[in-house]
Trainee: 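What follows is a single structure, and I will ask about it in a moment.
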Number of protein chains: 2
Amino acid sequence: MNRVFKALSDPTRREILRLLTMREMNAGELAERFDLTKPSVSHHFAVLKDADLVRSRRDGQQIIYSLNTTVVQDVLSRIWDMFGSPSKPGEGG
Amino acid sequence: MNRVFKALSDPTRREILRLLTMREMNAGELAERFDLTKPSVSHHFAVLKDADLVRSRRDGQQIIYSLNTTVVQDVLSRIWDMFGSPSKPGEGG
DNA sequence: GAAAGATTTCGACGATCATCGAAATATTCA
DNA sequence: TGAATATTTCGATGATCGTCGAAATCTTTC
């Protein structure tokens, strides 16, 4: 769970995730969207994969990235459970 | 929004937030729960306050921390909107 | 097999971050 | 006013992080 929060702590990676909610994209296509070198963007892919938030598959020369939908949903549920229903003081928590 | 994610990226701070969902606590009470010096824990309070996730008020010699419930709820909603309903490829997003 | 294209790995560098001990600030109580 | 308690601020330090250019890996095509 810590890797997930670390992964989400960088704006570039959050933007990658947001783009992938639209449709899957290959590495070069994603890299074009950022003012970063390809090695830098590739590093962000690795962090997101390590957190299990995205998946990748090869299609010819290209690597196609997609959102790991089930994990993202599960993670969001956990976060919600952790902070989403705080009992107010005096409400009996 | 970036400050929020940065704030959430540290396990100690997430634990502070989790504890505060139970009930409000003063600084010393919270600090006892961690194997950290008081200056370190105090630093985490500052980060959480800067992200507007917690509030503090003074009661005599003590500073009482509580979850900023409305902001936490709002933040979670935003995160959910950002990643919560990803359209699968071919589903027409 | 060699050239070309897409992507990642490597090694390094500067910035940011979590942590600490010491000192400073704020409040209470005698 | 001065001692005691609670908490934060300051200054420093080691670790982690995002970034880069160069080199390596993998695939396709000729």
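Protein chains get the first letters and strands the later ones, always in sequence-line order, with residue 1 at the start of each.
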Trainee: Compare side-chain N and O positions of A:N26 against OP1 and OP2 of C:dT7 and report whether any pair is under 4.0 Å apart.
Mentor: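 It does, given that an N or O in the side chain of A:N26 lies less than 4.0 Å from OP1 or OP2 of C:dT7.
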Trainee: What residues form a salt bridge (Lys or Arg N to Asp or Glu O under 4.0 Å) with B:R58, not counting sequence neighbours?
Mentor: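 Testing B:R58 for salt bridge (Lys or Arg N to Asp or Glu O under 4.0 Å), a comparison that skips the adjacent residues, returns none.
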Trainee: How many Å lie between NZ on A:K49 and P on C:dT7, as a whole number?
Mentor: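 Computing the A:K49:NZ to C:dT7:P distance gives 12 Å.
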Trainee: From B:R3 CZ over to B:L53 CG, what is the distance, rounded to the nearest 0.5 angstrom?
Mentor: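 Interatomic distance, B:R3 CZ to B:L53 CG, rounded to 0.5 Å: 11.5 Å.
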Trainee: Which part of the nucleic acid, if any, lies within contact of A:Y65, taking any heavy atom under 4.0 Å across all strands shown: a base, the sugar-phosphate backbone alone, or nothing?
Mentor: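 Sugar-phosphate contact only - A:Y65 comes under 4.0 Å of backbone atoms but never of a base.
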Trainee: Give the rounded distance in Å between these two atoms: CD1 of B:I16 and P of D:dT7.
Mentor: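 Atom-to-atom, B:I16 to D:dT7, this comes out as 13 Å.
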Trainee: Tell me, with the steps shown, if B:I16 and B:F45 meet side chain to side chain contact (heavy atoms under 4.5 Å, CB included).
Mentor: CA-CA 8 Å; B:I16 291 172; B:F45 295 154; 3.9 Å; yes
Trainee: Look for any protein N or O under 3.5 Å of an N or O in nucleotides 24-27 of chain D and output each such pair with its distance, or none.
Mentor:
none

Trainee: Checking the side chain of B:N26 only, and the main-chain atoms of B:E29 only, is there a donor and an acceptor separated by less than 3.5 Å?
Mentor: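 Flag set: sc B:N26 to bb B:E29 pair under 3.5 Å.
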Trainee: Is B:E32 paired with B:K38 through a side-chain N to carboxylate O contact shorter than 4.0 Å?
Mentor: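 The answer is no: the pair does not qualify as a salt bridge.
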Trainee: Starting at atom CD1 of A:I64, determine the distance to atom C1' of C:dT8, rounded to an integer number of angstrom.
Mentor: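 Rounded to the whole Å, the gap is 17 Å.
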Trainee: Please report, rounded to the nearest Å, how far the P atom of C:dT8 is from the CG atom of A:D50.
Mentor: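 Computing the A:D50:CG to C:dT8:P distance gives 14 Å.
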Trainee: Could you tell me the separation between the CZ atom of B:F45 and the P atom of D:dT7, rounded to a whole number of Å?
Mentor: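 Result: 8 Å.
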Trainee: Could you state the CZ-P distance from B:F5 to D:dC17, rounded to the nearest angstrom?
Mentor: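 Spelled out: CZ on B:F5 to P on D:dC17 is 18 Å.
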Trainee: Using whole Å, what does the distance between atom P of nucleotide D:dT7 and atom CD of B:E32 come to?
Mentor: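 Rounded to the whole Å, the gap is 10 Å.
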Trainee: Pick out the pairs of N or O atoms, protein on one side and nucleotides 16-22 of chain C on the other, that lie under 3.5 Å.
Mentor:
unit_1, atom_1, unit_2, atom_2, d
C:dA18, OP1, B:R13, NH1, 3.3
C:dA18, OP1, B:R13, NH2, 2.7
C:dA18, OP2, B:H43, NE2, 3.3
C:dT19, OP2, B:H44, NE2, 2.4
C:dC20, OP2, B:T37, N, 2.9
C:dC20, OP2, B:T37, OG1, 3.0
C:dC20, OP2, B:S40, OG, 2.7

Trainee: As an exercise, state the distance from OG1 of A:T12 to CG of A:D35, rounded to the nearest 0.5 Å.
Mentor: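 With rounding to 0.5 Å, OG1 (A:T12) is 10.0 Å from CG (A:D35).
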Trainee: Is the closest basic N to carboxylate O distance between A:R14 and A:D10 below 4.0 Å?
Mentor: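 Between A:D10 and A:R14 there is no salt bridge, as every charged N stays at least 4.0 Å from the carboxylate O atoms.
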Trainee: Just verifying a value: how many Å separate A:N68 CG and A:L20 CG, rounded to the nearest 0.5 Å?
Mentor: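 Here the interatomic distance stands at 11.0 Å.
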Trainee: For the side chain of A:S9 and the backbone of A:K6, is there at least one donor-acceptor N/O pair under 3.5 Å apart?
Mentor: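 At least one qualifying donor-acceptor pair exists.
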Trainee: Whole-Å distance between C:dA6 C1' and A:M25 CE?
Mentor: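 So the CE-C1' distance, A:M25 to C:dA6, works out to 15 Å.
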